[in-house]
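Take a look at the structure set out below.
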Amino acid sequence: METGKPAGRHYGMDWLRIGAFQLLILYHVGMAFVPWDFSVKMTPPIGWAVVPMFLTNPWRLSLLFVVSGFASAALLERSPGIGALMRSRLARLGIPLLFGIAVIVTPQPWVELVTQHGYAHGFGYFLAHDYYRPQQLHGVFMPTYMHLWFVVYLLVYTLVWGALLTLPKAWIAAAKSIAERLLAGPALLPFGTATFFLIHNFVSPGWSDTHLLVNDWSAHLDYFSAFLFGVLLRNSHAVRSTVARWWKPAAVAAILGWAYLAWAELAYPGDVRMSYTLGLLYRIARSTEAWSAIIALVGVAETHWNRDSKWRPMLAEAVFPFYIIHQTAIVAAGYWLLSTPTTGLERFLILVAATAAGCWAFYLIGRAIEPLRPLIGLKRRTAVKPVPANALLV
């Protein structure tokens with residue numbers, strides 16, 4: 001009898017998760033070169049680089065929450081209960097988060113303060129006198145979680161989802177039925193696009209997240225909805241089938257949306273204002289790309305990537321440690337590059353290589369030293385049997 005759940009492990013969503021996090025890392029390398037805020041900036045910024053950045057900008061974070069919701073639902077199937085899963089997620093996400101705040105991210109605010117705000121002290125002084133004292137320096141909060149805001153949000157969303165699971169089963173079934181009626185049919189693309197548009201233009205205008213948990217309302221509506229959509233994907237054959245049928249039109253819509261964004265960014269660079277009509281089309285195009293790209297990628301994962309490889313288990317395990325360290329590696333390497341006579345292309349290639357090397361070193365060393373494994377988001381080794389594959393998911 002059809003339960004709505006994939007039979008066993010869904011390798012396609014594994015590959016999508018691996019790819020999504022790698023794209024995010026490459027995107028953060030690009031952030032050092034475009035005229036957008038980032039902890040380290042290559043000078044002068046490269047204006048045209050925003051065009052390739054917009055290939056992923058509207059949807060990259062929402063997709064991460066979709067795959068995380070899917071993974072969480074898969075983990076629940078193998079958990080003895082909701083409480084056990086919540087305790088497990090608190091440990092798997094909370095311990096690396098605290099370690100990251102205390103140790104991993106510390107170079108990032110220092111580099112930002114030195115290079116952008118004239119901070120005159122060295123890194124040792126910064127740690128001893130400023131970082132661990134709750135305060136703001138030039139708008140930089142300390143101590144801080146920097147890029148680990150994603151882990152904070154994911155942890156909170158997981159706990160809220162756990163609380164929702166304690167509601168009467170009839171309520172949960174009714175909510176699933178409503179979601180399937182909306183998304184398991186031809187309304188899939190227009191409904192999702194309209195939702196993105198409403199969230200980012202009426203809740204709090206624009207697409208700029210604050211990354212502050214208490215006031216990031218449009219981000220919460222976007223990302224928590226994406227998380228719940230991932231849960232629905234795991235539990236609804238009807239929605240997965242619809243996504244599989246519509247991924248090609250979704251891919252075309254995403255490319256068209258990106259094409260308009262690319263034109264607009266080149267025709268109206270920086271603070272040059274558009275007319276109201278062009279601005280409205282810009283917001284529609286961004287919403288279209290955001291939702292359509294997610295549907296296209298999930299559809300490809302459902303129809304073409306659901307196959308295993310000898311590399312998948314290690315890559316799936318490496319994703320979370322990579323995420324924890326990648327931005328610190330980018331910022332540290334970028335800070336060093338500022339003092340070298342290198343061209344923009346050379347800096348980009350060096351940053352990509354240095355970040356990849358730093359991520360692999362962090363993961364390989366951390367997984368080999370038992371006390372470090374929980375700190376970088378890995379389960380402790382046991383002598384009983386190998387860790388179930390789904391336990392590797394963020």
Side-chain angles (χ1 to χ4, degrees), residues 17-33 38-42 56 60-61 64 67-68 71 89 91-112 114-115 123 126-127 131-132 140 142-155 211 311 313-338 347-381 392-394:
R17 173 176 169 271
I18 292 165
F21 275 93
Q22 301 317 305
L23 279 175
L24 180 69
I25 292 173
L26 189 61
Y27 181 90
H28 281 160
V29 171
M31 283 292 292
F33 296 89
F38 195 60
S39 293
V40 65
K41 303 300 298 182
M42 302 294 105
T56 63
R60 70 197 192 282
L61 295 170
L64 294 184
V67 296
S68 296
R89 302 314 282 158
R92 291 291 300 280
L93 298 174
I95 292 173
L97 174 62
L98 294 175
F99 178 64
I101 293 171
V103 178
I104 299 298
V105 307
T106 54
Q108 296 183 46
W110 177 72
V111 169
E112 182 173 338
V114 168
T115 60
F123 183 58
F126 172 71
L127 289 182
Y131 180 74
Y132 297 106
V140 180
M142 287 171 284
T144 181
Y145 41 64
M146 301 301 287
H147 69 291
L148 297 181
W149 69 266
F150 170 79
V151 183
V152 176
Y153 283 30
L154 178 57
L155 182 55
H211 297 165
W311 297 107
M314 182 178 69
L315 292 174
E317 183 183 56
V319 163
F320 194 24
F322 272 40
Y323 181 79
I324 291 170
I325 194 62
H326 81 278
Q327 190 159 301
T328 294
I330 292 169
V331 171
Y335 179 65
W336 171 76
L337 281 171
L338 289 175
R347 288 180 173 184
F348 177 77
L349 295 175
I350 291 170
L351 266 183
V352 171
T355 303
C359 288
W360 276 110
F362 183 78
Y363 163 63
L364 293 174
I365 293 171
R367 77 167 185 171
I369 302 174
E370 187 64 28
L372 294 181
R373 290 178 65 87
L375 300 180
I376 67 169
L378 302 180
K379 292 190 72 171
R380 290 189 177 275
R381 291 190 180 94
L392 303 177
L393 298 174
V394 172

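Because only heavy atoms are used, hydrogens play no part in the values below, and waters and symmetry mates are left out as well, while side chains stay in.
- K379 and E317 are not joined by a salt bridge, as no carboxylate oxygen comes within less than 4.0 angstrom of a charged side-chain nitrogen.
- A search for side chain to side chain donor-acceptor pair (under 3.5 Å) contacts involving Y132 returns nothing, not counting sequence neighbours.
- In terms of the ring-ring contact (aromatic ring centres under 6.0 Å, His included) criterion, residue partners of F123 (sequence neighbours excluded) are, by chain and number, W110.
- The closest side-chain heavy-atom distance from L93 to F320 is below 4.5 Å.
- Shortest non-hydrogen contact noted between M314 and W360 is CE-CH2, 3.9 Å.
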What do the steps show when you test E112 against K41 for salt bridge (charged side-chain N to carboxylate O under 4.0 Å, His left out), and what is the final call? CA-CA 9 Å; E112 182 173 338; K41 303 300 298 182; over 6 Å; no
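- Remark: R60 qualifies as a cation-pi partner of Y27 under the 6.0 Å distance and 45° angle criteria applied to the six-membered ring.
- To the nearest 0.5 Å, the span separating SG on C359 from CD on Q22 amounts to 7.5 Å.
- Note: M31 CE to L26 CG = 13.0 Å, rounded to the nearest 0.5 Å.
- The two residues L338 and R347 come nearest to each other via the heavy atoms O-NH2, 3.9 Å.
- The nearest pair of heavy atoms linking P96 to P374 is CG-O, 3.5 Å.
- Between L148 and V152 the shortest side-chain heavy-atom distance does not fall below 4.5 Å.
- One distance of note links CG of L61 with CZ of F150; it measures 8.0 Å at 0.5 Å rounding.
- Listed here is the closest heavy atom pair of L378 and R92: C-NE, 4.2 Å.
- Here L155 contributes atom CG and L97 contributes atom CG; the two are 7.0 Å apart, rounded to the nearest 0.5 Å.
- Of all heavy-atom pairs between P321 and Y363, the closest is CG-CD1, 4.0 Å.
- Rounding to the nearest 0.5 Å gives a distance of 9.5 Å between CG of L64 and CZ of R17.
- Taking OG1 from T355 and CZ from F322, the interatomic distance works out to 10.5 Å, rounded to the nearest 0.5 Å.
- Side-chain N/O atoms of H147 and H28 include no donor and acceptor closer than 3.5 Å.
- When all heavy atoms of I324 and I376 are compared, the closest pair comes out as CD1-O, 3.5 Å.
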Show me, pair by pair, the donor-acceptor contacts under 3.5 angstrom made by side chains of residues 328-337, not counting sequence neighbours?
| residue | atom | partner | partner atom | Å |
| --- | --- | --- | --- | --- |
| T328 | OG1 | I104 | O | 2.8 |
| T328 | OG1 | Q108 | NE2 | 2.9 |

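- Inter-residue side-chain proximity for Y323 and L24 is flagged as met; some heavy-atom pair is nearer than 4.5 Å.
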